[in-house]
Number of protein chains: 2
Amino acid sequence: MDEPVLLTGAGGRVGQAILNGIGDAYDWRLLDREPLPAAKVPDAVPDADRYVADITDERAVRDAMRGVGSVIHLAGDPRKTAPWDSVLRNNIDGTQVVMRVAAEEGVERFAFASSNHAVGGYETDDRTPDLYRTDDDYRLDGTELPRPGNLYGVSKATGEALGRLYHDEYGMSVVCVRIGNLTKDHPPREYERGQAMWLSHRDCAHLFDRCLNADYGFEIVYGISNNDRRYYSIERARDVLGYDPQDNSADYTFEGEPKVEDPPADES
Amino acid sequence: MDEPVLLTGAGGRVGQAILNGIGDAYDWRLLDREPLPAAKVPDAVPDADRYVADITDERAVRDAMRGVGSVIHLAGDPRKTAPWDSVLRNNIDGTQVVMRVAAEEGVERFAFASSNHAVGGYETDDRTPDLYRTDDDYRLDGTELPRPGNLYGVSKATGEALGRLYHDEYGMSVVCVRIGNLTKDHPPREYERGQAMWLSHRDCAHLFDRCLNADYGFEIVYGISNNDRRYYSIERARDVLGYDPQDNSADYTFEGEPKVEDPPADES
């Protein structure tokens, strides 16, 4: 890959997991709404490739997009409790700008950070907590209709629809990754749902690395590790992207029985 | 039905088809961005039940929603060529306001005017024009993922996702009607696509009448007449809503062979 890769939301949790894993493998352009502290930027990225901009600012996005071959688009309000005004602007309007400019500028591959919250509504009272357990074989595979669990999830479903449109209209390869619960070092403790959809940092970096290299048209895949508990299929990610996750939340044991609890604020 | 029915976008083409067909059957509240001329309002609707408001104005929407039992939500930018700023505001933001206020105010049934454009991308070069012909058995049935043909279609897919959320969260019955090509008196001439997805005025009024009376949870159905040419299934609308369309574009003959042409601007 000679052409630069634009990473939006570079300073966020997913962006940092990616840069920590594959930060040396690409010629990055890093975009974030806030200036990034030195600790969050790979040494090889010169100042000229660090963009401080709001993704709803089309001119700034177009400036950052010039000559880019691939995009990983993570920027947006990451809170599952984000209010409508914020997801409307930052996630829906912002994603439309980034995708359209990418398509118009001839970007080849576009990886969009969708979310488990785009389908959170499938976790009904009837299905939970069984859904989160190893012996339950219910699976979502990316072909099901969106069923958002909150307005943040609606914004991610909209991003997927935009991705479909810009793929169809411009031929840009678009993959929407419904990211699970990204935590560092170990899966969430005492949180069955989080263990079912755990995505380790190294599997996250590897998955987006595959998004930058595989051949695909339009895809919706789940971004989770190889968890025994899972109710998201990772077959499509394996088959189309060559995703080969190394981690499994079942390999981690915590004292006592897991409980079903809400995750900390701002986590999936 | 004793409780009033709120009709947003009452002055538009779909709203007028509904009012012409079942204008005497309900206690209407009519909302439109522009004052409606007398010719567009059933005689029985008093001035007090005519609201002139923008649907992004939450206070005005809440005022119109008080005591309402059902909603038919048509308001929005109807142009398939509508630019992003307009669909973002009028269709996405506006629909979120109307659906949320309806759910919060305890509305029982909510019919949302979605569109064939939410799935226009399935009409690929490979499939057309065969898709529009009687001997082709390809069918979309509402379980397929959104595949918008334009930004207007993205806004309709977003409305469907919002409807799913507000059904799941509040128990409000929500039906999304992917409306085909509504024309008066006869199907579009020399336009195979339009004949395949023709919706006659009387079938339109009947379909929304069923949306106000049937029992359902969350549904996505296609709103077309009983056309021989169709590639949208109407089985779900028949089964769940009791839709029983009377018209079929094949009953109309025009001189010469039909040609595939773009529809007039601002029509489906």
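What you see below is based on every heavy atom in this structure, not just the backbone, and it leaves out hydrogens, waters and symmetry mates. Naming convention: chains lettered A, B, ... in sequence-line order (proteins, then strands); numbering from 1 in each chain.
- Using a 3.5 Å distance cut-off with no hydrogens or angles, the side chains of His73(B) and Thr95(B) do pair a donor with an acceptor.
- Most heavy-atom pairs under 4.5 Å with chain A, from the set Pro146(B), Gly163(B), Pro148(B): that is Pro148(B).
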Check your understanding: Given Ser155(B) and Asn91(B), is the side-chain hydrogen bond (donor to acceptor under 3.5 Å, both in side chains) satisfied, shown in steps?
Key -> CA-CA 6 Å; Ser155(B) 76; Asn91(B) 299 18; 3.2 Å; yes

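- Remark: Arg238(B) is not positioned above the aromatic ring of Tyr243(B), lacking an NZ or CZ atom under 6.0 angstrom from the ring centre and at most 45 degrees off the axis.
- The aromatic rings of Tyr132(B) and Tyr231(B) sit tilted relative to each other, their planes meeting at an angle between 30° and 60°.
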Check your understanding: Given the rule in the salt bridge (charged side-chain N to carboxylate O under 4.0 Å, His left out) test, do Arg109(A) and Asp215(A) qualify, once you have shown the distances and angles that lead to the verdict?
Key -> CA-CA 9 Å; Arg109(A) 290 182 181 82; Asp215(A) 289 324; 3.2 Å; yes

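- Residue Glu160(B): no heavy atom, backbone or side chain, is found under 4.5 Å from chain A.
- At a 4.5 Å heavy-atom cutoff, the contact between Tyr166(A) and chain B is made by side-chain atoms alone.
- Counting heavy-atom pairs under 4.5 Å between each of Thr124(A), Asn150(A), Asp93(A) and chain B puts Asp93(A) at the top.
- The choice from Asp168(B), Asp85(B), Thr143(B) that makes the most heavy-atom pairs within less than 4.5 Å of chain A is Asp168(B).
- Here Leu145(B) is the residue among Leu162(B), Ile220(B), Thr158(B), Leu145(B) with the most heavy-atom pairs under 4.5 Å with chain A.
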